[in-house]
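First comes the structure, then the notes that go with it.
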Amino acid sequence: MSQLSPELYARLRDHGQEHLLFGWDRLSIEAQVGFEAELAKIDFAALKRLHASRDTAPAALPPRELIAPIPVRPRTVPAAVHAAGEESLRRGEVAVLLVAGGQGSRLGFDKPKGMFPVAPVTNASLFRIHCEKVLALSRRYACSVPLLVMTSLATHAETEAYFHAQGFFGLPREDVYFFQQGTMPAVDIATGRILLEAPGQLFLSPNGHGGTLTALAETGMLDELESRGIRHVFYFQVDNPLVKVCDPAFLGTHVTVGSAASSKVVYKEDPSEKVGVLAVIAGRCTIIEYSDMPAEMAEEREADGRLRFRAGNPAIHLFDVGFLRRVTSTGGLTYHIARKKVAYFDPDTERVISPTSENALKFELFIFDALPLADRWVVVETSRAEEFAPLKNATGADSPDSARQALMRLHADWLESAGISVPRGTDGNPEHPVEISPLFALDAKECRSKVSPQLLITGPTYLE
Ligand code: UTP
């Protein structure tokens, strides 16, 4: 049996967390050593503070007159700006960061969400679609585009094995990096006791997409980016199959403005839509979460009838590497607290308890909390139809069906812009599934330059 260090025991006792040692004597030596290392990493005092703040409302918004709508640049940019983005890609200054550490609980898919077969004809997975975009970019601009895949404890092993099994989707092996985000224990709402999954096993969750920043620094990824001469990191989330990876117009805007953190936005049309909105507070680009936005503010309209605070956040960003370095070396982000219903092992009754109501606090960092830390920033418009169809739920809105339809409609638009006739139903959806591989075309212009004018759509159609 391994002896627990007296110092760790004292820390557990002082923070009222001795229950974590339940069943210690029955663990194997390896399990004891591993568990002790896990416990030693926990900042018990920080967890205690988070638990104590559970009923404190999040910092209130400043008075309305100090909040302004965010200035948004149009998505069509001058040729010189587009060219600046392309030049940056050609010089190999850009890396792609795909965050894929989430647990995808709403979708209810038993594998990492990136493995979800979303493409309407080939059933290609989200990972395949994203990787083929990166490969197509590197071919188009004759450059290498490092791909950083952020995983978590929950998704790491399966994700890495999948990339290996799929031959890295044709990407050079040395350009694909996996790095894991951190985890956070969950605590009991009433007592603040850290929850166990089983004896000798903490109940851990990924620490949120904001965990990307600390993980970049702690895993050495930032050093690697700097040593490769990378200056800009294109950030996006695995669940959006429509994202235009490293769109040169967006990149060109980011580069010419000298922005530290740039964001795309999709316009919100319905005040009740549950999407965070970018706004200017104290001169900084700041997100207002939908739950924090007062109803009357959400409903304010411009003279032309559009919502005043309409800059919805699809989580597509460009970060300057120097900015990432600065943010990760100065304190980092603040945890958000969520109340969840989680099954846990209860040492008092020696049983797994499946509660019927919320019993646990989970702690997550959000990437958008980094935006106000940027001194220079820029925001660019995009459209949902072209760039945002997230896969969140099993059915209904933001589901596999809606994402597939969005992909088909977009590709049908590209084909129609090339003069191809695409039969559509009254709902606007193509009558036959259509799909365009990123390796065939990354955008409508490329599609027009490649597609045969004789193409007839009479059944499922895949262009590769
Ligand atoms: P969501 O917040 O939508 O979470 O993540 P999710 O895990 O996909 O789904 P639910 O809420 O459990 O149903 C948005 C993006 O952020 C990533 C996800 O992988 C997704 O790309 N993410 C989220 C992380 O990488 N790590 C996290 O800890 C949380």
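Computed from a predicted model, the values in this text were never measured in an experiment. Order of appearance sets the numbers: ligands from 1, and atoms from 1 within every ligand.
- Protein heavy atom at the shortest distance from atom 3 (O) of ligand 1 is Lys392 NZ, 2.6 Å.
- No side-chain N or O of Tyr290 forms a donor-acceptor pair with one of Glu273 less than 3.5 Å apart.
- Residue-ligand proximity: Gly104 is placed with a non-hydrogen atom under 4.0 Å from ligand 1.
- Residues Phe22 and Phe345 bring their aromatic ring centres within 6.0 Å.
- In terms of polar-atom proximity, Met150 is not counted as a contact of ligand 1, lacking any N or O under 3.5 Å from an N or O of the ligand.
- Taking every heavy atom of Pro206 and a limit of under 4.0 angstrom, the matching atoms of ligand 1 come to 28 (O).
- Heavy atoms of Ser152 stay at 4.0 angstrom or farther from ligand 1.
- Taking atom 16 (O) of ligand 1 as the reference point, the nearest protein heavy-atom neighbour is His209 CD2, 3.4 Å.
- Ring orientation note: the planes of His232 and His254 are nearly perpendicular, at an angle over 60° on the 30°/60° scale.
- Here the heavy atom of the protein found nearest to atom 28 (O) of ligand 1 is Gly208 N, 2.8 Å.
- Looking only at heavy atoms of the protein, atom 23 (C) of ligand 1 is closest to Gly102 CA, 3.7 Å.
- Protein heavy atom in closest approach to atom 20 (C) of ligand 1: Asp239 OD2, 3.9 Å.
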>> Could you walk me through whether Phe178 and His156 satisfy the side chain to side chain contact (heavy atoms under 4.5 Å, CB included) test, starting with their C-alpha distance in whole Å, then the side-chain angles of each, then the deciding distance to 0.1 Å, before giving a yes or no?
In response: CA-CA 8 Å; Phe178 298 96; His156 188 82; 3.9 Å; yes

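- Considering backbone and side-chain N/O of Leu107, none are found under 3.5 Å from N/O of ligand 1.
- Residue contacts with ligand 1, taken as heavy atom pairs separated by less than 4.0 Å, involve Ser105 via backbone and side-chain atoms alike.
- Distance from atom 25 (O) of ligand 1 to its nearest protein heavy atom, with residue and atom name: Gly101 N, 2.8 Å.
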>> Evaluate Ser205 against Gln103 for side chain to side chain donor-acceptor pair (under 3.5 Å), listing each step before the verdict.
In response: CA-CA 8 Å; Ser205 311; Gln103 293 173 304; 4.6 Å; no

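- Scanning the protein heavy atoms around atom 11 (O) of ligand 1, the nearest turns out to be Arg106 NH2, 3.0 Å.
- The contact set between ligand 1 and Ala100, taken as ligand atoms under 4.0 Å from a residue heavy atom, comprises 19 (O), 25 (O).
- Closest to atom 14 (C) of ligand 1 among all protein heavy atoms lies Gln237 OE1, 3.3 Å.
- No salt bridge links Glu86 with Arg140; every basic N to acidic carboxylate O contact stays at or beyond 4.0 Å.
- For Lys264 and Phe250, the positive end sits near the middle of the six-membered ring, less than 6.0 Å away and at most 45° from its axis.
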> Can Thr183 and Phe203 be said to form a side chain to side chain contact (heavy atoms under 4.5 Å, CB included), step by step?
Replying inline: CA-CA 10 Å; Thr183 50; Phe203 185 100; over 6 Å; no

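- Atom NE2 of His317 sits about 10.5 Å away from atom CG of Leu97, to the nearest 0.5 Å.
- A salt bridge is absent between Arg106 and Asp398: the closest approach of a Lys/Arg side-chain nitrogen to an acidic carboxylate oxygen does not fall below 4.0 angstrom.
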